[in-house]
Amino acid sequence: MKEYKGKWYTKLFSVVCAFCAGWFVLGLLYKFLGNIFISSIIAFLVILCILYKVMVSDNFSIILSDERRLLIKRFGKIIKSLDFDRYYWSEYSKYSNTKNAEDQDIYYVDKESDIENSIDCSNFTGDDYEELLIELGAKRQNDIPIKVDTIKK
């Protein structure tokens, strides 16, 4: 059984970014509105929204059990349980075959209903994300590239 958790330094970076965003919103709104009270309230709400995302929404761990199940835990409770064999796993959406370098989502499509969902793994390190993709079978290591012959005229 292997457990993947978000790293503390990614959370710390997000908290620092939240306060920077709040400071930016405060300055921008004060410049345009001229009212420090309204600007402060809106900046405080921006900081709260980002902190909620970091500390609650993105605060989960992924456990790969020996019974070939993926368990998602938040605050010690299992919130989702997925069977490996019931889903197609990929690092790309079924609607696209490209992704950004910073995009760390794991997509899974139900084999029966063809409904696509995703797991945002942006709070994991790159190595944990890659290892998780390999464990799920979404990425294969050491595949031999396919050579395509071109016709030269």
Side-chain angles (χ1 to χ4, degrees), residues 1-29 41-151:
M1 183 156 68
K2 175 88 173 162
E3 184 171 1
Y4 298 92
K5 292 183 179 181
K7 304 302 179 201
W8 65 271
Y9 48 85
T10 58
K11 292 177 187 173
L12 179 65
F13 177 74
S14 298
V15 168
V16 169
C17 287
F19 284 104
C20 290
W23 184 259
F24 177 76
V25 167
L26 176 69
L28 190 66
L29 287 177
I41 290 174
I42 295 173
F44 182 71
L45 290 175
V46 167
I47 292 171
L48 278 181
C49 289
I50 296 173
L51 288 178
Y52 176 80
K53 181 186 181 316
V54 171
M55 297 301 177
V56 178
S57 298
D58 289 348
N59 191 14
F60 65 91
S61 62
I62 295 177
I63 299 171
L64 300 177
S65 69
D66 297 332
E67 296 87 33
R68 296 191 44 83
R69 297 190 69 75
L70 180 133
L71 307 171
I72 301 175
K73 281 175 68 175
R74 180 176 291 139
F75 302 121
K77 288 185 172 181
I78 296 174
I79 58 171
K80 193 178 276 191
S81 176
L82 303 170
D83 188 17
F84 281 13
D85 300 326
R86 185 173 173 208
Y87 298 96
Y88 297 112
W89 300 91
S90 177
E91 63 181 319
Y92 302 103
S93 171
K94 72 178 185 177
Y95 303 110
S96 172
N97 55 0
T98 61
K99 72 175 199 167
N100 295 333
E102 298 87 25
D103 186 20
Q104 286 191 339
D105 291 339
I106 295 175
Y107 296 94
Y108 58 98
V109 179
D110 192 338
K111 290 180 179 179
E112 295 173 4
S113 64
D114 202 37
I115 296 173
E116 181 180 61
N117 291 308
S118 67
I119 303 169
D120 181 18
C121 297
S122 59
N123 59 340
F124 297 155
T125 63
D127 294 336
D128 284 350
Y129 174 69
E130 294 293 325
E131 186 178 329
L132 188 57
L133 286 174
I134 292 168
E135 290 285 331
L136 292 171
K139 191 174 209 175
R140 295 183 187 94
Q141 275 186 324
N142 302 328
D143 277 353
I144 300 171
I146 300 171
K147 268 193 160 177
V148 178
D149 292 331
T150 57
I151 300 172

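A heavy-atom distance below 4.5 Å is found between the side chains of Ile62 and Cys121. Side-chain contact between Asp128 and Lys7 is present, with at least one heavy-atom pair separated by less than 4.5 Å. Side-chain atoms of Lys80 and Phe60, non-hydrogen and from C-beta on, never get closer than 4.5 Å to each other. Contact of the Phe84 side chain with the Leu64 side chain is registered, since non-hydrogen atoms from C-beta on lie closer than 4.5 Å. Counting only heavy atoms from C-beta outward, the side chains of Tyr129 and Ile106 approach each other to under 4.5 Å. Within the 4.5 Å cutoff, the side chain of Tyr9 has heavy atoms near those of the Thr125 side chain. The side-chain heavy atoms of Ile63 and Ile78, taken from C-beta on, include no pair separated by under 4.5 Å. Between Asp105 and Tyr107 the shortest side-chain heavy-atom distance falls below 4.5 Å.
Taking every heavy atom of both residues into account, Val25 and Ala43 meet most closely at CG1-CA, 4.1 Å. Of all heavy-atom pairs spanning Lys5 and Ser61, the tightest one is CG-CB, 3.7 Å. In terms of heavy atoms, Ile50 sits closest to Ala21 at CD1-CB, 4.0 Å. Closest approach of Asp58 to Ser122, counting heavy atoms only: OD2-OG, 4.5 Å.
Lys111 NZ: more than 12 foreign heavy atoms inside a 6.0 Å radius. With a 6.0 Å radius and a threshold of 12 heavy atoms from other residues, nucleotides or ligands, Lys11 has its NZ atom above the threshold. The environment of OH in Tyr88 is sparse: at most 12 heavy-atom neighbours from other residues, nucleotides or ligands sit within 6.0 Å.
Formation of a donor-acceptor pair under 3.5 Å by the Arg68 side chain with backbone atoms of Asp83 is not found in this model. Counting only distance, with no hydrogens or angles, the side chain of Thr10 and the backbone of Asn123 share a donor-acceptor pair below 3.5 Å.
Annotation: the span from Leu70 atom CG to Leu136 atom CG amounts to 6.0 Å, rounded to 0.5 Å. Residue Leu51 holds its CG atom at 11.5 Å from OG of Ser57, rounded to the nearest 0.5 Å. Remark: Arg74 CZ to Ile79 CD1 distance equals 4.0 Å, nearest 0.5 Å. One distance of note links CG of Leu82 with CD1 of Ile119; it measures 6.0 Å at 0.5 Å rounding. Of the inter-residue distances, the one linking Arg69 atom CZ with Arg86 atom CZ reads 9.0 Å to the nearest 0.5 angstrom.
A perpendicular orientation is assigned to the rings of Tyr87 and Tyr108, their planes being inclined by more than 60° (bins at 30° and 60°).
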Glu3/Leu71 under side chain to side chain contact (heavy atoms under 4.5 Å, CB included): CA gap, chis, key distance, verdict: CA-CA 9 Å; Glu3 184 171 1; Leu71 307 171; over 6 Å; no
